[in-house]
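Here is how names work: the chains are called A, B, and so on, in the same order as the sequence lines, proteins then strands, and each is numbered from 1.
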Amino acid sequence: MRPEIAALQEAMERQGYIADPAIATALFLAREMRRPLLIEGDAGVGKTEIAKVLARLLDTELIRLQCYEGLDVSTALYEWNYQRQMLRVRMAEDEGKTAGEIEDLIFGRSYLLERPLLRAITRAEGPPVLLVDEIDRADDGFEAFLLEVLSDFQVTIPELGTIRADHVPYVVLTSNRTREIGDALRRRCLYLYIEHPSLEKEVRILRARVPGASARLAEEIGRFMQALRRRRLSKAPGVAETIDWAQALCHLHSEHLDRETVAETLGCILKDQHDLRELGAGELEAVLAEAAG
Amino acid sequence: MTAQADLIRHLARFAGALRQRGVGVTLSDEADGLAALTLIDLGDRDEVRRALRTALKIRQRDAAVFDELFDLLWRARHESSNPPVPAPGLPAPARPKSGKLPGRRATESEVETAVALGEEPGYSPEAVLRRKSFEEYSTADQAAMERLLARMVLRLATRPSRRRVPVRGRGEADLRRSFRRAVAHGGEFLSLARRARPIEKPRLVVLCDTSGSMDPHTRFLLTFVLALRRVTRSERSSEIFAFNTTLVRLTPWLRPGQVDRTLERLAHQVPGWSGGTKIGECLAEFVAYYLDELVHGQTIVIILSDGLDRGDVAPLGRAMRAIRARARRVLWLNPLAGDSRYEPTARAMAAALPYVDRLLPAHNLESLERLLPLLAA
């Protein structure tokens, strides 16, 4: 393994993110090639966390754009502050300014509301980390727009002209695969698929994130989660759920997984009515037995 | 040969092999792959694998093919450091030799039927065509059907989008554009700009059974699906899969207006075309790899199958439940349902039925026509 990749993996670990070589390699390549990194994987496997860790490692600002259906340019890029502009127009009229002067006044940078994309481009102190979270929730149109921004790292505002990035930001995109990401955007990025962690990795994550849990409990939780993911569930629990659960068990001062404790706290890891029902009927003991053996 | 040129050659061959297996890898991906390889430890097999997977953008569902071909690449690379063996390379995908073309049986008797029907008094040829079972179609009928289908499908109803676009006269006020306009008049709002939601076509995901028992119907159902696809226009608004013993995503291979050529290619590319069926396993595969990405609140899932499957029905029920939970509507088209005596008693059909919104016949055009209103919002 290339020493830089090993170093990156260790550095991420020091920040509390247990990365396997695949994650470290992808992040290393994205950083060296200065390309956006598109991360896919089930909910709760730690996609968003990668951007946060990257920002901490680079000691820079994390700028987050949360996507949703109907997200448009005025929420993602910029918006004029209309109220301020209108007030300024009225004042300027009283001052007897000409139309041209008024326009110069109200279309200045101080009347511009910077949204995440514009902020990521204009940050003066060095490149930030731009996290475009759940890109699959935005629609095709927005994706095309994002592609343009990510290709040139420049934005044209008709009233102000073209703004170029002083520092090209590090970009991380995440997707839960609720929609197929367009080929063009995917080709622009490097790609990483994060799987559910192995037992060994999951236990290490638990030890790092929930220091209150004993080694024995962490091991038991890890085994239980691995056994659980082998079942046919409609929503397989991710690491985020494992951590929540471990924290809940710590609060309950459980030192050991038994049938009752698990049954009471199952809501921490299974968040689907059907899954809960399936696991209630005797199945729970089978999973526990599998985890113990 | 320098190490660099050697690397390029191997990478190009690897990408070609991936493409042959239906994994989309473009030239720009290859360039990315090469750039990535210069940054890593080329002696570390797993690191090379990880870097290529990232740089070539290999999705989870293609991971198995990628790994398989990568192992071959790695071996070929180490062997070919010796004198150049004439293209030891990567094998072409296994494809069945005998690609039988479904529904292609334009016999004399069929042609005669067509002539006879055209002369029948009191019936418009179109009306006859609509009720004629697909099994009785001739080549001439087929062209007529394609035209008729295209017209029918145009009437597909639609739903409003969530995005707002500028419109005249109706819709809500759009402050941003209104203000831009007002600037031209010294800050006076002479007119309000408005925005509203445009009409959206439905998204379709079609899963088409291509097993032997469906043979006479496959061609017509695919024609229908292609017509739908042409009308919905947007490349990404419809997805088509074929299944029998395995599931194959057809979408990248489909070209509208070329049903014959498409079918011919399919017969060659889809393993086990006209073979038996494993509905449950195929749908489970669909759920595992495609459901999240392709099916959501606006998607209508259409399954074309006669439900004749001798496999285990438990996976089918599970898969159908998962599909039902995500899709807006699940329609099952069964050619056998055209018979008035038909009861959905085949085991697979019975297992799937609780999760199907409508079970519809699909043996002639009239039945497909009745399907259209259900594709509306």
Worksheet item: Which answer fits A/A26, side chain, backbone, both or neither, if we ask what part of it has an atom under 4.5 Å from a heavy atom of chain B?
Response: both
Fill in: Closest contact, heavy atoms only, B/R53 versus A/Y193
NH2-CB, 3.7 Å
Fill in: Closest-packed option against chain A by number of heavy-atom pairs under 4.5 Å, given B/T26, B/D41, B/T54
B/T54
Item to complete: Test salt bridge (Lys or Arg N to Asp or Glu O under 4.0 Å) on B/D32 and B/K57 and set out the steps.
Response: CA-CA 10 Å; B/D32 289 344; B/K57 298 110 193 166; 2.5 Å; yes
Response to the item:
Applying a strict 4.5 Å limit to non-hydrogen atoms, the region of B/D44 in contact with chain A is side chain
Response to the item:
Separation between CZ (B/R50) and CG (A/D20), nearest 0.5 Å, reads 8.0 Å
Worksheet item: Which atoms of A/I5 come close to chain B, meaning under 4.5 Å heavy atom to heavy atom: side chain ones, backbone ones, both, or neither?
Response: side chain
Worksheet item: Side chain, backbone, both or neither: which part of B/D29 has an atom under 4.5 Å from a heavy atom of chain A?
Response: side chain
Fill in: More than 12 heavy atoms from other groups under 6.0 Å of NZ on A/K235
no
Worksheet item: Based on non-hydrogen pairs under 4.5 Å, which of B/R318, B/E47, B/R176, B/R321 is most in contact with chain A?
Response: B/R176
Practice prompt. Answer with side chain, backbone, both or neither: which region of B/R49 has an atom nearer than 4.5 Å to a non-hydrogen atom of chain A?
Written response: neither
Discussion item. I'd like to know which of A/E103, A/M1, A/R35 tops the heavy-atom pair count under 4.5 Å against chain B.
Written reply: A/M1
Discussion item. Which atoms of A/E4 are under 4.5 Å from chain B, going by heavy atoms: the side chain, the backbone, both sets, or neither?
Written reply: neither
Discussion item. Would you say that more than 12 heavy atoms from the other residues, nucleotides or ligands in this model lie under 6.0 Å from the OH of B/Y289, or not?
Written reply: no
Practice prompt. Mark yes or no: A/R186 above the aromatic ring of A/Y191, with NZ or CZ under 6.0 Å from the six-membered ring centre and no more than 45 degrees from the axis.
Written response: yes
Worksheet item: Which region of B/L291, side chain (C-beta onward) or backbone (N, CA, C, O), has a non-hydrogen atom less than 4.5 Å from a non-hydrogen atom of chain A, or is it both or neither?
Response: neither
Worksheet item: Is the gap between the ring centers of B/Y290 and B/F241 under 6.0 Å?
Response: yes
Discussion item. Could you check whether B/Q60 and A/E40, counting side-chain N and O atoms only, form a donor-acceptor pair closer than 3.5 Å?
Written reply: no
Worksheet entry | Part of A/S74 lying under 4.5 Å from any heavy atom of chain B | both
Worksheet, complete the sentence: When the 4.5 angstrom heavy-atom criterion is applied to B/S178 and chain A, the contacting part is neither
Practice prompt. Measure B/A51 against the heavy atoms of chain A and call it side chain, backbone, both or neither at under 4.5 Å.
Written response: both
Fill in: Contact class of A/L38 relative to chain B, heavy atoms under 4.5 angstrom
neither
Practice prompt. On the 0 to 90° scale, with breaks at 30° and 60°, tag the A/F145-A/F142 ring pair as parallel, tilted or perpendicular.
Written response: tilted
